[in-house]
Engineer: 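Sharing a structure, written as C-alpha cells. Questions coming.
Proteins get letters first, then strands, A, B, ... in listed order; numbering begins at 1 in each. Side chains are part of it too, since the values below use all heavy atoms of this structure and drop only hydrogens, waters and symmetry mates.
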There are 2 protein chains.
Amino acid sequence: MPLDERKKRILKAITHDYINTAEPVGSRTIARRYSLGVSSATIRNEMADLEEDGYLEQPHTSAGRIPSDKGFRFFVDALMDPKELSTEEIRQIHIALRGHRQMEDIVHESVRMLAFLSQYTAVVVAPNISYGVIRCLQLIPLDESNVLLVLVVDPGFAHSRIVETTRPLRPQEASRINYFFERKLSGMMLADIGSSLVGEMREEVTDEALMSEALNLLARGLRNIKQEQVYLDGTIHLLNQPEFRDLNKVKVLLNVLDDEKILWRILNDALAQSGRQVTIGSENLHEGFQECSLVTASYELDGQVIGSVGVIGPTRMDYERVVAVVEGIACSLSTLLSDSMRH
Amino acid sequence: MPLDERKKRILKAITHDYINTAEPVGSRTIARRYSLGVSSATIRNEMADLEEDGYLEQPHTSAGRIPSDKGFRFFVDALMDPKELSTEEIRQIHIALRGHRQMEDIVHESVRMLAFLSQYTAVVVAPNISYGVIRCLQLIPLDESNVLLVLVVDPGFAHSRIVETTRPLRPQEASRINYFFERKLSGMMLADIGSSLVGEMREEVTDEALMSEALNLLARGLRNIKQEQVYLDGTIHLLNQPEFRDLNKVKVLLNVLDDEKILWRILNDALAQSGRQVTIGSENLHEGFQECSLVTASYELDGQVIGSVGVIGPTRMDYERVVAVVEGIACSLSTLLSDSMRH
DNA sequence: AATTAGCACTCACTTAGGTGGAGTGCTAAC
DNA sequence: GTTAGCACTCCACCTAAGTGAGTGCTAATT
C-alpha cells in the first residue's frame with residue numbers, strides 16, 4: 001500500500017532529523033520540531049505503521065526510530081528536495097577546474113573539490129585513455145637502448161614513458177616512424193589499434209623489421225600507462241562521522257578505500273546506467289560497504305560516458321546536499337571537457 | 001652519571017618488553033621473562049633509579065614503568081642491536097624495485113615495500129628533478145595554440161606537459177629550437193638554467209622573438225612539474241597500533257599526513273645531515289607529532305643526497321627492525337639508481 | 001654493602017546494583 | 001480519527017565494592 005500524505009511528511013521529518021543529529025528520533029521531537037499539526041501520540045501511531053511497513057526501525061524498545069535502508073531509499077526517490085549549489089559554489093568549481101589543461105590535474109582538482117564541498121569522502125574515475133583521440137604519438141631516441149614514447153590524447157592526456165629497446169633506434173628511423181604514426185594513427189583511438197590495423201601498417205611499410213620493432217615498443221609503452229585511474233580524497237571526513245567512532249569499522253572501510261581495484265569495481269557497478277545514482281547501505285553488495293551509501297554521477301564527452309564521480313558516506317548522509325554537489329561536479333567536468341575539445 | 005652494566009640490561013629488557021606488549025612493564029615481569037639473575041626486588045630498586053634519572057616513567061603509581069623519550073633515545077643510541085634483513089627480504093626489495101625504469105614507479109614501489117616490511121606508515125621523498133641531468137628536452141607542436149613540452153631527466157624522470165602558446169609554433173621552428181636546446185642544455189641540470197644561461201642563449205640565436213617564446217614556454221612548462229613529491233603508504237598500519245585507539249589522536253595525525261607540505265618539511269628537517277636518523281617523540285617539534293617517532297635515511301647518487309625515505313610510528317616502535325628496513329630500502333635505492341645511471 | 005623476602009599500600013579496572021530519562025504502546029476520553 | 005494520560009521498557013550514567021598488578025619500604029640474609 002502506498003504511503004498517504006501524512007505518513008510521507010512524518011517519514012521526511014524523521015529522516016531529516018536523523019540526518020542532522022545521528023540519533024534515533026522520537027515522536028515528541030518530531031511533534032515539537034516540525035509543525036505537522038498533530039500530537040506526538042498521533043505521530044507515534046503513524047511511526048508504528050511505518051515501522052511495520054519497513055520504512056523505520058528501532059535500535060531497541062523505548063528508543064526512537066531511525067530510517068531503514070528502505071526508508072532512505074524512499075526518501076531519496078520520492079521525498080527529498082535536492083539543494084541547489086549556490087552560485088558562489090558553482091563559481092568556485094569552475095575556477096578550480098578551469099586552471100588546468102591536463103587530465104590528471106583536472107581530475108585531481110575535481111576530487112578535492114568534491115570532498116571539500118560534500119564533507120565526505122570523494123572518488124573520481126578518470127576517463128579511460130583508450131577512448132580518447134590520439135593527437136600525437138612519437139618515439140624519441142634517448143640512447144642506444146632506450147627510447148621515449150610520447151603520447152598525447154584528447155582530452156587532456158599527455159604521457160611519456162621510457163621504453164627499453166633491443167637495438168638502437170636511429171634518428172632518421174624514428175622520424176620515419178613518427179611520420180608514419182602520425183599519418184596512420186592521429187585522430188584514432190588507442191582502442192582502435194587492433195591487430196587488423198597493425199597488419200595493415202605492416203604491409204604498407206618497406207622496412208618491416210623496423211616497423212615491427214616500433215610497434216613492439218609502442219605496445220610495451222602503452223601497457224605501462226595506467227588505464228582508468230581512481231582518485232580519492234577526503235578520507236578523513238569519514239572519521240568525523242559518529243557512525244565511525246568504532247575503529248574496527250574504520251579499518252574495514254579504509255582497507256577497501258586503499259584498494260584501487262575494489263574501488264574501481266564499486267564505482268563501475270554503480271555506473272551501469274548513466275546519470276546520477278544512489279546506492280544505499282545494504283543495496284551495496286561489497287563487503288564492508290553495507291553501512292555506507294554511495295552517490296555517483298557520470299560525466300560525458302560528446303554524449304558518451306567517459307568517467308564518473310562519487311561520494312561515499314554513511315547511510316545517514318545528507319543526500320539532498322550530496323546529490324547536488326555530485327551532479328554539479330559531474331556537469332562542470334562535462335562542460336569543461338567538451339569546451340576544451342572544441343577550441 | 002653513566003649507567004652501569006646492570007642498569008643498561010634492565011633498561012634494554014624493559015624497552016623490549018614494552019615494544020612488544022605496549023603495556024607498562026613491572027619488575028616481576030622482567031625478573032620472570034628475562035633471566036638477569038636478580039630478584040624482582042633488586043630490579044625494583046634499579047627501576048626507581050632509572051626513573052629518577054629520567055629514563056623511565058610511570059603512568060601512575062602502582063603501574064609498571066615505560067621508557068621515556070630519553071629512555072628510547074638511549075636505547076636507540078646505545079642498546080639496540082639492529083636486526084639485519086633476511087636475504088629473502090633483500091631479494092624481495094631488489095625484485096620489486098628493479099622492474100621499473102621511471103622514477104615515479106620506483107619511488108612508489110619503494111614506499112609500498114617500506115610500509116609492507118615495517119608494518120608502519122612509510123614516506124618517501126622523490127629526488128628533486130632540478131638536480132638531475134637533462135637528457136632530452138623538446139617542444140612538440142600540437143596545434144595552433146598548444147605545444148607539448150617533453151623532458152627526460154636522469155635518473156628516471158620522463159615528463160610531458162601541454163603548454164598554451166600565444167602564437168602557433170611551426171614544425172621547422174620547433175626543430176630549430178629542439179636542436180638548439182639539445183646542444184645547449186643536454187647534460188646540464190634544470191637548476192643550472194639561470195638567467196645567465198638564458199641570456200647567453202638569447203645572444204647566440206638569430207631569431208630572438210622565437211627563442212624568447214620558446215624559453216617562455218619552457219619556463220611555464222617547468223613550473224607545472226612537481227618538484228619534490230612526497231609518497232605515502234601504509235597509513236592503515238597506524239590504526240593497528242594500540243596507542244592510536246583514540247580516534248582524536250588518529251585524526252590529528254591523519255591531518256598531518258594529508259598535508260604534503262608539512263610532511264615534506266618534517267622529512268627535510270630530519271634530513272639536515274645525511275645517513276640514518278631517528279627522531280623520538282618530543283624531539284619532534286611538529287604539532288601532533290610528539291607521540292610519534294620517525295626513522296629516516298637518505299639515498300644518494302654519485303655521493304650526493306638526492307632524497308629520503310622514512311617510517312612513522314608510535315614512539316614505541318620496533319626500532320631494531322625499522323632501522324634495518326629503512327636503511328635497507330635507502331641502500332637499495334642508491335645502488336639501483338647509480339646502476340641505472342651507469343648503463 | 002648489596003641483595004632479597006615480606007608486607008602494607010596504591011590505583012586502575014571490572015562488576016553489580018541503582019537511578020533518571022527518553023521513548024513507547026495501550027487505553028480511555030474527546 | 002485524534003489526543004491525553006499512564007504504566008512500562010531499556011539504555012546510559014553513576015556509584016560502590018572487589019580484584020589484582022605493581023610499587024616502596026623495612027628487616028633479614030649473604
Engineer: Going from CG on B:Leu36 to CD on B:Glu46, what distance comes out if it is rounded to the nearest 0.5 angstrom?
Structural biologist: 10.0 Å

Engineer: Who passes side-chain hydrogen bond (donor to acceptor under 3.5 Å, both in side chains) against A:Ser282, sequence neighbours left out?
Structural biologist: A:Asp69

Engineer: In terms of side-chain geometry, is the basic nitrogen of A:Lys7 or A:Asp53 positioned less than 4.0 Å from the acidic oxygen of its partner?
Structural biologist: no

Engineer: Using a heavy-atom cut-off of 4.0 Å across all strands, would you classify A:Ser27 as base, sugar-phosphate, or nothing?
Structural biologist: sugar-phosphate

Engineer: Mind running a 4.0 Å heavy-atom check of residues 239-247 of chain B against DNA chain D and sending the residues that fall below it, in number order?
Structural biologist: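 Heavy-atom contacts with DNA chain D come from no residue of residues 239-247 of chain B; none.
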
Engineer: Checking A:Ser39 now: which residues fulfil side-chain contact (heavy atoms from CB on, under 4.5 Å) with it, not counting sequence neighbours?
Structural biologist: A:Ala41, A:Thr42

Engineer: Kindly write out the residues that satisfy side-chain hydrogen bond (donor to acceptor under 3.5 Å, both in side chains) with A:Gln119, not counting sequence neighbours, or none if the list is empty.
Structural biologist: none

Engineer: How does each nucleotide of nucleotides 13-22 of chain C score, in 5' to 3' order, for protein heavy atoms under 4.0 Å: base (B), sugar-phosphate only (S), or none (-)?
Structural biologist: ----------

Engineer: Can you sort out the partners of B:Glu89 under side-chain hydrogen bond (donor to acceptor under 3.5 Å, both in side chains), two or more places apart, ordered by chain and number?
Structural biologist: B:Ser86, B:Arg321

Engineer: Taking only residues two or more places apart in sequence, or in another chain, which ones meet B:Leu238 in a side-chain contact (heavy atoms from CB on, under 4.5 Å)?
Structural biologist: B:Thr121, B:Phe244, B:Leu253, B:Leu257

Engineer: Would you kindly give the NE2-to-C1' distance between B:His60 and C:dC9, to the nearest whole Å?
Structural biologist: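 Going from B:His60 (NE2) to C:dC9 (C1'), I get 14 Å.
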
Engineer: Let's see if you get this right: which residues in residues 42-49 of chain B place a heavy atom under 4.0 Å from DNA chain D?
Structural biologist: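 Hits under 4.0 Å, by residue number: B:Arg44, B:Met47.
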
Engineer: How many angstroms lie between atom NZ of A:Lys249 and atom CD of A:Glu291, to the nearest 0.5 angstrom?
Structural biologist: 4.0 Å

Engineer: Both A:Ala63 and B:Pro59 contact DNA chain C. Taking the nearest nucleotide for each, which residue is further toward the 5' end?
Structural biologist: B:Pro59

Engineer: Indicate, with a heavy-atom threshold strictly under 4.0 Å, whether B:Ala41 touches base, sugar-phosphate, or nothing.
Structural biologist: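 The residue B:Ala41 makes base contact.
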
Engineer: Once side-chain hydrogen bond (donor to acceptor under 3.5 Å, both in side chains) is applied, do any residues pair with A:Asp81, and if so which ones, sequence neighbours excluded?
Structural biologist: A:Lys12

Engineer: Tell me, which of residues 11-19 of chain B have any heavy atom that sits under 4.0 Å from an atom in DNA chain D?
Structural biologist: none

Engineer: Over 60° means perpendicular and under 30° means parallel, so tell me whether A:Phe74 and A:Tyr55 are parallel, tilted or perpendicular.
Structural biologist: perpendicular

Engineer: Can you pull out every ring pair (Phe, Tyr, Trp, His ring centres under 6.0 Å) where at least one residue sits in residues 28-54 of chain B? Sequence neighbours excluded, please.
Structural biologist: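 Sorted result for residues 28-54 of chain B: empty, none.
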
Engineer: Does the distance from a Lys or Arg side-chain N to an Asp or Glu carboxylate O, for B:Arg316 and B:Glu243, drop under 4.0 Å?
Structural biologist: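 Salt bridge flag = yes for B:Glu243 with B:Arg316.
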
Engineer: Distance check, rounded to the nearest 0.5 Å: B:Glu320 atom CD versus B:Met80 atom CE?
Structural biologist: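 Between B:Glu320 CD and B:Met80 CE, I get 6.5 Å after rounding to 0.5 Å.
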
Engineer: For the pair A:Tyr319 and A:Phe72, name the ring-plane relationship: parallel under 30°, tilted 30 to 60°, perpendicular over 60°.
Structural biologist: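 The rings of A:Tyr319 and A:Phe72 sit tilted, inter-plane angle from 30° to 60°.
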
Engineer: Going by heavy atoms in the side chains, are B:Val311 and B:Val325 under 4.5 Å from each other?
Structural biologist: no

Engineer: Taking heavy atoms of chain A and a 4.0 Å limit, find me the 5'-most and 3'-most nucleotide of DNA chain D within that range.
Structural biologist: D:dT2 to D:dC11

